[in-house]
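This report refers to the structure that appears directly beneath it.
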Amino acid sequence: MSQFADLTPEKKSQFDPPAADMLAERDKSRAADRSFVIEDTDVKALMPEDVEKMFDGPSLSESPVEETVEHRNWNWAVIFLCFYGFMASVKPGEPFITPYLLSPEKNFTRQQVTNEITPVLTYSYMAVLVPAFLLTDLLRYKPVLVIQGLSHVVICIILLFGTTLLQMQFMEFFYGITMACRVAYSSYIFSLVKPEFYQRVAGYSRSSTLLGVFIGSVLGQVCISVGNISFYTLNAISLGFVSFGLLLTLCMPWPKRSLFFNQMSNMENKELQNPEETIPEMVKEKPKEGELPPVVTICSTSCREDSIFGHMLIELRNFVKRPNLRLWSLWWIFNSTGYYLVLFYVHILWNKVYTATENKNVYNGGVEAASTLLSTLTSFVAGYFKIRWNIWSELVIGVITAMQAGLLLIMGTTQNIWVCYISYILFRGFYQFLVPIATFQIASSLSREMCALVFGINTFLGTILKTIISLIFIDKKGLALDIHHQFLMYFVYFIILTVVYLTGAAVVIVRHYRNHSATGGEATHTELSPVAENPETEPLSNIKQD
């Protein structure tokens with residue numbers, strides 16, 4: 001601390017006693033308030049966080065005034081982003097795109113819409129998903145959101161003025177781009193807030209988009225049923241909403257950090273300014289007598305990046321070894337594939353059913369609104385659904401998949417449009433019930449970076465599976481099944497999944513009770529989201545043992 005701090009009492013006595021006593025008192029007072037003098041050269045070499053550590057006191061950046069200002073800033077940013085999500089989701093013409101294409105206004109045949117136009121959506125989504133995922137992080141969200149807004153505008157313009165089959169295929173291509181770019185909206189909000197607010201703001205963003213879909217569907221249904229407005233006018237209204245959403249994206253702030261690339265560049269800058277922090281602790285320690293000093297290898301940027309990606313591969317390998325995480329990822333891949341295929345083609349089924357019964361009333365908007373509302377409710381209920389997931393996961397998934405298979409059989413065989421509507425609403429509700437459970441089960445055992453990577457891989461594999469099914473069974477160059485046979489094929493697909501899940505459930509349950517009887521122990525109660533109490537001090541990783 002001072003020049004006398006390291007002197008023994010005998011050596012201190014050599015100095016003038018009053019002066020030594022005075023210096024000792026000064027040292028004590030400095031040690032009490034921990035505010036010693038630092039040379040200007042030392043201050044320039046230290047980062048703010050290093051000075052905070054040396055003083056061992058509260059940071060100036062954490063003062064109540066600045067913390068309040070920061071909280072207010074991200075609060076407004078979150079509100080603005082949620083408002084954008086709401087406005088971009090209000091598209092009253094979207095539930096009626098298929099009736100619009102099949103109507104005399106566009107005059108496409110049902111076979112063209114089923115086997116030539118709609119499959120392009122799946123192919124486009126698969127082609128754009130990985131580039132969108134990478135560009136979202138590399139460009140820090142905003143440019144990808146602008147691309148999504150432009151694609152929404154292009155879709156509405158093509159729907160209004162397009163007349164040829166090729167133009168409608170381009171419309172589906174841009175629709176695939178908007179779906180792939182959703183990752184930018186869902187991850188942008190996490191760059192605005194601290195980790196302790198992630199769960200809250202995720203609920204805000206999801207609720208805003210669901211509310212937008214609900215309002216848009218209700219508005220479209222009211223315009224069709226009460227106002228007798230044409231499909232063309234509905235799409236013109238949608239163009240107004242998405243154009244406003246595009247303007248909102250241009251006004252968004254540009255985040256300074258993202259999940260992978262920009263965090264790595266920030267780490268490099270920190271290392272350049274703080275080379276001492278990159279040196280391992282073992283190097284800082286003096287070697288013991290008779291031992292050689294440790295060798296320090298300075299890695300280049302490419303070496304460090306290789307180590308990061310190598311660490312990710314190791315994490316993924318350990319992830320695959322964990323049965324519970326593997327189960328929910330497989331559910332995400334296979335069940336989401338069937339779910340989205342049903343969503344893409346159910347409007348064509350409705351059109352065929354109410355055309356066969358000569359029913360001219362179209363309630364697509366009301367059904368989408370009701371299914372969105374039920375999906376929101378089931379997602380909320382799933383958050384309070386607590387069982388021993390390590391035992392009963394396969395059984396719960398198998399039972400719900402079996403009920404979805406039964407609903408698909410009803411949809412594919414019924415000639416009553418209301419039965420078809422209700423079956424679809426329930427089908428979506430069952431799927432949305434399992435989505436938050438799968439999300440919690442996967443995310444609760446992973447770090448944030450690995451969580452994004454795993455969900456991205458799961459989504460991409462599901463998209464590849466959708467593409468294969470579309471090429472074989474739906475595309476004009478494949479079997480080109482009509483819509484009723486498609487839904488029967490989806491029924492068989494879900495039946496196969498049900499058999500697999502229930503077989504796995506039987507194996508897990510029998511094995512559990514055998515072990516339970518042999519050991520005479522109690523089974524551990526696994527909560528829905530077994531997250532550590534303090535995720536900041538104990539980062540989650542799938543390297544942890546079960």
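Counting heavy atoms from C-beta outward, Ser230 and Thr233 have side chains that approach closer than 4.5 Å. Between Val213 and Ser217 the shortest side-chain heavy-atom distance falls below 4.5 Å. Under the 4.5 Å side-chain criterion, counting only non-hydrogen atoms from C-beta, Leu471 is not in contact with Thr122. The side-chain heavy atoms of Val183 and Phe455, taken from C-beta on, include no pair separated by under 4.5 Å. For the pair Thr439/Trp328, no side-chain contact is recorded, criterion being any heavy-atom separation below 4.5 Å from C-beta on. With a 4.5 Å cut-off on side-chain heavy atoms, Gln221 and Val367 do not count as touching. Put simply, the side chain of His152 reaches to within 4.5 Å of the side chain of Lys91, judged on heavy atoms. The shortest side-chain heavy-atom distance between Gln486 and Ile474 falls under the 4.5 Å cut-off.
Atoms CZ and OG, from Phe174 and Ser151 in turn, are 6.0 Å apart once rounded to the nearest 0.5 Å. Taken to the nearest 0.5 Å, the OG1 atom of Thr136 stands 8.5 Å off from the OH atom of Tyr141. One distance of note links OG1 of Thr413 with CG of Leu408; it measures 10.5 Å at 0.5 Å rounding. Rounded to the nearest 0.5 Å, atoms OG (Ser238) and CD1 (Ile97) are 8.0 Å apart. Between the CE atom in Met126 and the CG atom in Leu121 there is a gap of 12.5 Å [rounded to 0.5 Å]. Taken from CG in Asn115 to OH in Tyr345, the straight-line distance is 8.0 Å, to the nearest 0.5 Å.
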Begin with the C-alpha distance, continue with both residues' side-chain angles, and end with the deciding distance and a verdict on side-chain hydrogen bond (donor to acceptor under 3.5 Å, both in side chains) for Tyr493 and Asn335.
CA-CA 9 Å; Tyr493 177 84; Asn335 286 58; over 6 Å; no

For a side chain to side chain contact (heavy atoms under 4.5 Å, CB included) check, start with the C-alpha distance between Asp475 and Ser470, then their side-chain angles and the critical distance, and finish with the verdict.
CA-CA 6 Å; Asp475 197 277; Ser470 297; 5.7 Å; no

Stepwise, does the side chain to side chain contact (heavy atoms under 4.5 Å, CB included) test hold for Ser393 with Asn324?
CA-CA 8 Å; Ser393 291; Asn324 195 48; 3.7 Å; yes

Criterion side chain to side chain contact (heavy atoms under 4.5 Å, CB included) on Leu327 and Ile397, from CA distance to verdict
CA-CA 10 Å; Leu327 167 68; Ile397 294 174; 4.1 Å; yes

Mind running side chain to side chain contact (heavy atoms under 4.5 Å, CB included) on Phe80 and Leu248 for me, showing each step along the way?
CA-CA 8 Å; Phe80 185 85; Leu248 291 178; 4.0 Å; yes

Take Ser208 and Tyr185, measure what side-chain hydrogen bond (donor to acceptor under 3.5 Å, both in side chains) needs, and give me the verdict at the end.
CA-CA 11 Å; Ser208 62; Tyr185 173 77; 3.0 Å; yes

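Inspection of the Thr98 and Asn351 side chains reveals no N or O donor paired with an N or O acceptor under 3.5 Å. In this structure, a donor-acceptor pair under 3.5 Å is absent between the side chains of Asp482 and Thr114. For Asn364 and Tyr354, the side-chain atoms include no donor-acceptor pair closer than 3.5 Å.
When the shell of 6.0 Å around OH of Tyr100 is examined, it contains more than 12 heavy atoms from other residues, nucleotides or ligands. Within a 6.0 Å radius of CD in Gln111, no more than 12 heavy atoms belonging to other residues, nucleotides or ligands are found. Summarising the local packing, NE2 of His484 is surrounded by more than 12 heavy atoms from other residues, nucleotides or ligands at distances under 6.0 Å. Few gaps surround CZ on Phe86; more than 12 heavy atoms of other groups in view lie less than 6.0 Å from it.
Checked against a 6.0 Å centroid threshold, the rings of Tyr431 and Trp331 count as neighbours. Residues Tyr490 and Phe487 place their aromatic rings such that the two centres sit under 6.0 Å apart. Aromatic ring centres of Phe430 and Tyr339 lie farther apart than the 6.0 Å criterion allows. Checked against a 6.0 Å centroid threshold, the rings of Tyr363 and Trp418 count as neighbours.
When all heavy atoms are compared, the tightest approach of Cys181 to Gln148 is CB-CB, 3.6 Å. Nearest heavy-atom pair, Pro99 versus Phe231, reported as atom, atom and distance to 0.1 Å: CB-CZ, 3.8 Å. Counting all heavy atoms, side chain and backbone alike, Leu234 lies closest to Ile229 at N-CG2, 4.2 Å. The two residues Ala405 and Phe491 make their nearest non-hydrogen contact at O-CD1, 3.1 Å. Considering all non-hydrogen atoms of both residues, Leu502 and Val399 come closest at CD2-N, 4.2 Å. Taking both residues in full, the closest heavy atoms of Gly429 and Thr378 are given as O-OG1, 3.2 Å, listed atom of the first, atom of the second, then distance.
Judged by distance alone, the side chain of Gln167 and the main-chain N or O of Thr164 form a donor-acceptor pair under 3.5 Å. Between the side chain of Lys106 and the main chain of Gly162, a donor-acceptor pair closer than 3.5 Å is present. The backbone N or O of Ala402 lies less than 3.5 Å from a partner atom in the side chain of Thr498, making a donor-acceptor pair. Put simply, the side chain of Thr249 gets close to the backbone of Leu246: a donor and an acceptor are under 3.5 Å apart. Side chain of Thr372 to main chain of Leu210: no donor-acceptor pair is present (N/O by atom type, distance under 3.5 Å, no hydrogens or angles). Put simply, the side chain of Ser124 never gets that close to the backbone of Val120: no donor and acceptor are under 3.5 Å apart.
Of the residues Thr467, Thr459, Thr178, the one that meets the side-chain contact (heavy atoms from CB on, under 4.5 Å) test with Tyr125 is Thr459. No option in Glu94, Lys352, Glu368 other than Glu368 meets the side chain to side chain donor-acceptor pair (under 3.5 Å) test with His347.
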